[in-house]
Asker: 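The structure follows.
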Amino acid sequence: MIPVRLFGLLIFATLLACGSAHADRRVALVMGNSAYKSAPKLTNPANDATLIGGMFKKAGFDSVDVRLDLSASEMRRMLREFAGRSRDADMAVIYYAGHGIELDGNNYLIPTDATLETDGDVLDETIPVERALFAVEPAKQLRLIILDACRDNPFAKTMKRTLASRAIGRGLAKVEPTSPNTMIAFAAKAGSTASDGDSRNSPFATALVEHLPKPGLDLRKAFGFVRDDVLKTTGYKQEPYVYGSLGGDDVPLVVKPTATGPQANPQDAVRRDYELALQLATRDAWEAFLAAYPDGFYANLAKGQLNKIGAEEARVAAEQKAKAAEQEKARLIAERAQKAEQEKAAAAAKAAEEARIAAEKQKQIEQARAEAAEQQRKAAEAAAAKALAEKQAAEKAKAELAAKQAAEKAEQGAKPAADRQMPEVENQKVAALSPGPKTTLSAAELTKSVQSELRRVGCLTSAADGEWSSAAQRSLTLFNKYAGTQFDVKLASIDALDALKAKPGRVCPLVCNFGFKADGDQCVKITCRSGYRVNDDNECEKVQEKKPVATRENSRSRDDERKASESAPSKPQATGQVFCNSAGCRPVRQGCRLDTAGSNRTAGLMAGGGTSMIEICH
């Protein structure tokens, strides 16, 4: 008999081992990112991940891996390792809490080390949701992904767009799994954001822990209960949503255990619930008890307790009503006593307001007087400054005239000697050359000659007025820069004049005004084709269409004027060169240029001037 009994026990143990070996294997990966380096820290994701991981462990999952504050490389490694564990599992679940982002209809999970300065960084620094779907794909019966990542994304506000048509959504985009028996649960419906709540855990995580681990409860019904709880908690502002589909059989996260042994007395459960409601002693507790057990002995006891609570509530209401009546009576008495004081205070306030208005008017009058006096002062100062400037200008003109007369006298005395020294080779000139400059020049004439040469070589744009102003100094500075000279810019010198005359053409680069562009040695007007205009960068750009606001007649006249101005030929500007001879100085004619009079340079130098120039026209 003993061997037979031992054999039976061995068979029973073998059956138990086989049953446990063939039990559904369930694995879970839980990730929570709170400590972001480039965004404000989130409080709930780490708490939610810890709470959900504990739920999976209590539910009897074979493998539960909880990871917090993961970088991009760590998240990829966790998903890769979890994909290996999913190959031997019947049920694979991934839970993620943290920031997520939607870009062009695709969803991405954001690691803690992401910076996301541009929308292009999303592809390099985040983890696509498809990577999580790939990790649960090997599971045999159920593939579940739960995303509590629909929070208001701070990266989208600072992220630069590299393409204007690229869309960055609010929350996450809708996902339709292609594999069977696959579900994806969002904390908020696609295109909306989720709330973290005011407590330690988010409303979504709290509802998940409440309903998912219920034994035997189908996941679709469990997520329906989660949806209802979150809607109530958030005031119907956040609605969780589930994408994907399952078969016709119930798919619970925790299988309902099969009852073994004698059944418990149903009244024991009713009694325990009644005792619990009795300890709470609130209307909500008794109403919940009656909703679960509407009939029976304990239901009648619960109704009696409700009647007792109702009587107490009526007594408290009556007491509060009487107290409110007493307070109202006292308030009316106090109001009658304070009515005179209130009228007195109102009269005082009215008098104060009238005084304030009068003071404000007086202030405005005084301010207007002060402004008028200030304007008169400024006008007087301006008139005095103008008179002083006119006086100084007159004195300066008088001094220049005296200097010029003295220079002419000295020039007339030196002219006979210069005529005797003039070489006879002047009669052998092939081209008509301008006469050499005089041996002595006054300061005003020297200044004017240097300014004329600066205009010829393109370094001075203003007129040659004989005054060595700041504009003339800047033009000589430009000549030093582009000609490689180092003349003193504070005064006009003979050396500077000789160096300027030695330059046959333009030295300083041509600078054109707005609406013109350089074309060789001239500035020509920029002409844009119809529908384009010159922008601030002096380039043609397309005119943005605007809704017409004027009448049809005004629009027609403006169009005619614009077409006429666009079709008009551009006028070339002057070269800036000046030609001087015995008759005076004038701008070089259009199509002509100045050139050095080769063999006559020595004669010009002997006469005390610079290089002689001739005007050559084609």
Side-chain angles (χ1 to χ4, degrees), residues 27-57 64-83 92-103 106-117 119 121-136 144-159 168-173 175 184-188 192-209 238 240:
V27 294
L29 173 62
V30 180
M31 297 179 288
N33 287 342
S34 290
Y36 283 91
K37 298 179 180 179
S38 300
K41 182 179 180 181
L42 295 175
T43 304
N44 284 352
N47 299 334
D48 294 343
T50 304
L51 181 66
I52 297 298
M55 178 196 73
F56 286 135
K57 292 178 181 178
V64 179
D65 194 0
V66 180
R67 301 287 177 165
L68 304 179
D69 297 329
L70 299 176
S71 63
S73 60
E74 291 171 341
M75 288 184 69
R76 293 189 183 94
R77 180 169 56 84
M78 289 298 101
L79 291 172
R80 182 170 61 251
E81 294 176 357
F82 184 73
V93 183
I94 292 179
Y95 173 86
Y96 171 79
H99 278 309
I101 190 172
E102 179 261 320
L103 180 65
N106 298 315
N107 299 320
Y108 300 88
L109 308 181
I110 303 178
T112 57
D113 59 347
T115 57
L116 301 186
E117 295 179 355
D119 50 8
D121 296 338
V122 174
L123 302 178
D124 299 328
E125 300 178 4
T126 62
I127 308 299
V129 173
E130 284 76 6
R131 184 66 183 85
L133 287 171
F134 181 81
V136 299
L144 175 61
I145 295 178
I146 305 173
L147 299 179
D148 193 357
C150 306
R151 295 170 173 83
D152 191 10
N153 183 16
F155 294 97
K157 300 176 182 178
T158 58
M159 184 185 301
I168 298 178
R170 184 172 180 264
L172 298 180
V175 178
I184 301 178
F186 283 2
S192 60
T193 58
S195 171
D196 275 345
D198 299 328
S199 59
R200 177 180 173 82
N201 299 103
S202 68
F204 184 60
T206 303
L208 289 175
V209 174
Q238 176 182 342

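This is a predicted model, so every value here is computed, not measured.
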Asker: Taking all atoms of both residues into account, what is the closest heavy-atom pair of Thr115 and Ser38, and its distance?
Answerer: CG2-OG, 3.5 Å

Asker: Let me check something: any side-chain donor-acceptor pairs from residues 126-134 under 3.5 Å, sequence neighbours excluded? List them with distances.
Answerer:
| residue | atom | partner | partner atom | Å |
| --- | --- | --- | --- | --- |
| Thr126 | OG1 | Val122 | O | 2.4 |

Asker: On the 0 to 90° scale, with breaks at 30° and 60°, tag the His99-Phe155 ring pair as parallel, tilted or perpendicular.
Answerer: perpendicular

Asker: Picking from Leu208, Leu29, Leu147, what satisfies side chain to side chain contact (heavy atoms under 4.5 Å, CB included) with Tyr95?
Answerer: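 The passing option is Leu208.
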
Asker: Can you pull out every salt bridge (Lys or Arg N to Asp or Glu O under 4.0 Å) where at least one residue sits in residues 28-39? Sequence neighbours excluded, please.
Answerer: none

Asker: Walk me through it: do Thr112 and Asp69 pass the test side chain to side chain donor-acceptor pair (under 3.5 Å)?
Answerer: CA-CA 6 Å; Thr112 57; Asp69 297 329; 6.0 Å; no

Asker: So, Asn201 versus Thr206: side-chain donor-acceptor pair below 3.5 Å or not?
Answerer: no

Asker: Kindly give the heavy-atom pair with the smallest separation between Ile184 and Val175, and that separation in Å.
Answerer: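 What the structure gives for the nearest pair is CD1-CG1, 3.4 Å.
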
Asker: Is atom CD of Glu81 surrounded by more than 12 heavy atoms (other residues, nucleotides or ligands) closer than 6.0 Å?
Answerer: yes

Asker: Could you go through Ile145 and Tyr96, starting from their C-alpha distance and side-chain angles, then the distance that decides it, and tell me whether this counts as side-chain contact (heavy atoms from CB on, under 4.5 Å)?
Answerer: CA-CA 8 Å; Ile145 295 178; Tyr96 171 79; over 6 Å; no

Asker: Atom CD in Glu74, atom CE in Met31: separation rounded to 0.5 Å?
Answerer: 11.5 Å

Asker: Kindly give the heavy-atom pair with the smallest separation between Ser71 and Pro111, and that separation in Å.
Answerer: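 Between these two residues, the closest heavy atoms are C-CB, 3.5 Å.
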
Asker: Provide the closest heavy-atom pair for Ala188 versus Gln238 in the form atom of the first, atom of the second, distance.
Answerer: CB-CG, 4.1 Å

Asker: Would you say that Tyr108 contacts Leu116 through its side chain, given a criterion of any heavy-atom pair below 4.5 Å between the two side chains?
Answerer: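 They are not in side-chain contact.
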
Asker: Nearest 0.5 angstrom please: Ile52 CD1 to Ile146 CD1, how far?
Answerer: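 That separation rounds to 6.5 Å.
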
Asker: Please assess Ile94 against Phe82 for the test side-chain contact (heavy atoms from CB on, under 4.5 Å), listing each intermediate value before the final yes or no.
Answerer: CA-CA 9 Å; Ile94 292 179; Phe82 184 73; 3.6 Å; yes

Asker: Does Gly32 offer a backbone N or O that forms a donor-acceptor pair with the side chain of Asp48 under 3.5 Å?
Answerer: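 Between the backbone of Gly32 and the side chain of Asp48 there is no qualifying donor-acceptor contact (under 3.5 Å).
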
Asker: Under a 4.5 Å cut-off applied to non-hydrogen side-chain atoms, are Ile110 and Ile101 in contact?
Answerer: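 Side chain of Ile110 against side chain of Ile101, heavy atoms only: contact under 4.5 Å found.
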
Asker: To check you understand the geometry: which heavy-atom pair defines the closest contact between Ser199 and Asn44, and what is its length?
Answerer: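 It is O-OD1, 3.5 Å.
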
Asker: Return yes if some donor-acceptor pair links the side-chain N/O of Asp113 with the main-chain N/O of Ala72 below 3.5 Å, else return no.
Answerer: yes

Asker: Closest heavy-atom contact between Val64 and Phe56?
Answerer: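 Taking Val64 first and Phe56 second, the nearest heavy atoms are CG2-CB, 3.7 Å.
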
